[in-house]
Each structure stands twice: as C-alpha cells, then as structure tokens.
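What follows is a set of notes on a single structure, which appears directly below.
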Amino acid sequence: MKFAGANQITVRRGKGDRDRVTMLPERLKGPLLSHLALVRVQHERDTAAGAGWVSLPGALGVKYPHAGREWGWQWVSPASRTYDDAETGQRRRHHLHQTVVQRAFKQAVRAAGIAKPASCHTLRHSFATHLLESGYDIRTVQELLGHRNVATTMIYNRGGMGVRSPADTL
C-alpha cells in the first residue's frame, strides 16, 4: 500500500491480482499511521533479531538482494508468526492470511446481531452501492473496484437504474 497526495492509496496485487487506486478516508489516516508505527517497531525488532525479510515480486529479489528487508517493502498487516524460507534461508514474515480477516469479520457480524449473511466481500458491495447512491458515475465506481467490464459494475446500480424520479424533486 502506498499513500498518494490526495488521500489515495495504491493497493498492490489486490483482488484478481491487480493493482488499483482507491480513496483513503481522512478519518482513517491517523489510525492507519498509528498502526504502521507499530508495524515498523515490529519490523525493527525482527531485523535486529536477524529476520525482517519479505518475499519480493518477480525478479526484484535478485536485482535488489537486500530490498526484502527494507521498511518500504513490509506488509501493512503482517502475520503474527515468522517462518524460515527453505530456498533462501531468510527468516520472513508474510502478510495476515485472508482467513484471519474473514474470521474476525464473521465474529463482528455475529456480535453486532446482524442476521443476514455477510462476508468481507459484502463491504465491496456496500462501497459500490453507497458511491452510486451518492451520485458518483458508474465508470468511476468501475475503476475503484477494478472491474474490467462496466457490466460487472452494473449489478450495483439498482433502483430504477440509479435514476431519481422527477416526482421526488418536487
């Protein structure tokens, strides 16, 4: 994840193994920076203990042999445990496994007393629906979700194709 100037983040290799840019809510910037400060302390402890490596995409590990230990390559949500990479012998920490997040989400849904089935993917649906209800155009939502085809995004455009009845403007 990389911050850009206008409260945007770049998510690398997200859903569908694609990079995409999305917004970073102003109200989450502080908590995210606090979280990253804690992750950085963990990384510094790992490095001091001879660990602190992450795997790099493609041939970057060959081109830049020490980059996998640099702060800029570390995961935003690192796993709680480290492991020894069999190929390199490096002590590494991977990102949190998706099942950890899914389990936490299910527990939160249950604790909130929500009777409907919900998953992490439900958040994508909610995000897209709220953007469309707020008047954002379908192409913008398509880009934010990383859909290749606008038809995929159209499933969120409900309620009379997203058009408000003139009778409601009186």
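We number each residue from 1, following the sequence as shown. Small disclaimer: the values here were computed from a predicted structure and weren't measured.
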Inset, instruction - Check whether any side-chain heavy atom of His66 lies under 4.5 Å from a side-chain heavy atom of Trp53, and answer yes or no. - result: yes
Legend entry - Arg69 and Val54, any side-chain heavy atoms less than 4.5 Å apart: no
Legend entry - Side-chain touch Val39/Val76, heavy atoms, less than 4.5 angstrom: no
Legend entry - Close side-chain approach of Leu32 to Leu24, heavy-atom, < 4.5 Å: yes
Inset, instruction - List in chain and number order the residues that pass salt bridge (Lys or Arg N to Asp or Glu O under 4.0 Å) with Arg92, two or more places apart in sequence or in another chain; answer none if no residue qualifies. - result: Asp85
Inset, instruction - Output yes when Arg93 and Asp46 qualify as a salt bridge under the 4.0 Å nitrogen-oxygen rule, no when they do not. - result: yes
Legend entry - Heavy-atom pair with the smallest gap, counting every atom of Leu145 and Arg124: O-NH2, 3.0 Å
Legend entry - Side-chain (Arg103) to main-chain (Gln98) donor-acceptor, under 3.5 angstrom: no
Legend entry - Which residues share a ring pair (Phe, Tyr, Trp, His ring centres under 6.0 Å) with His94, sequence neighbours left out: Trp75
Inset, instruction - Could you pull out all residues at least two apart from His43 that satisfy side chain to side chain contact (heavy atoms under 4.5 Å, CB included)? - result: Thr47, Trp71, Gln74
Legend entry - Single-linkage hydrophobic cluster, 4.5 Å side-chain cutoff, Leu123 and Val109 together: yes
Inset, instruction - Answer with yes or no whether the hydrophobic clustering places Leu36 together with Leu96; edges join I, L, V, M, F, W, Y residues whose side-chain heavy atoms lie under 4.5 Å apart. - result: no
Inset, instruction - Would you mind reporting whether Asn7 and Glu26 have side-chain heavy atoms less than 4.5 Å apart? - result: yes
Inset, instruction - Would you mind reporting whether Leu144 and Tyr136 have side-chain heavy atoms less than 4.5 Å apart? - result: no
Legend entry - Residues Glu143 and Arg139 bridged, charged N to O under 4.0 Å: no
Inset, instruction - Answer yes or no: is there a side-chain heavy-atom contact under 4.5 Å between Ser77 and His95? - result: no
Legend entry - Shortest non-hydrogen contact between Val11 and Thr22, atoms and distance: CG2-CG2, 4.5 Å
Legend entry - With Glu70 via side chain to side chain contact (heavy atoms under 4.5 Å, CB included) - residues at least two apart: Ala67, Trp73
Inset, instruction - Compute whether any side-chain donor of one residue and acceptor of the other, for His147 and Thr153, lie under 3.5 angstrom apart. - result: yes
Inset, instruction - Mind listing the closest non-hydrogen atom pair of Ala118 and Lys106 along with its distance? - result: O-NZ, 4.0 Å
Inset, instruction - Indicate the atoms forming the closest heavy-atom contact of Gly50 with Arg91, along with that distance. - result: O-CB, 4.3 Å
Legend entry - Partners meeting side chain to side chain contact (heavy atoms under 4.5 Å, CB included) with Ser119 (sequence neighbours left out): His121, Thr122
Legend entry - By side chain to side chain contact (heavy atoms under 4.5 Å, CB included) - contacts of Pro31 (at least two apart): none
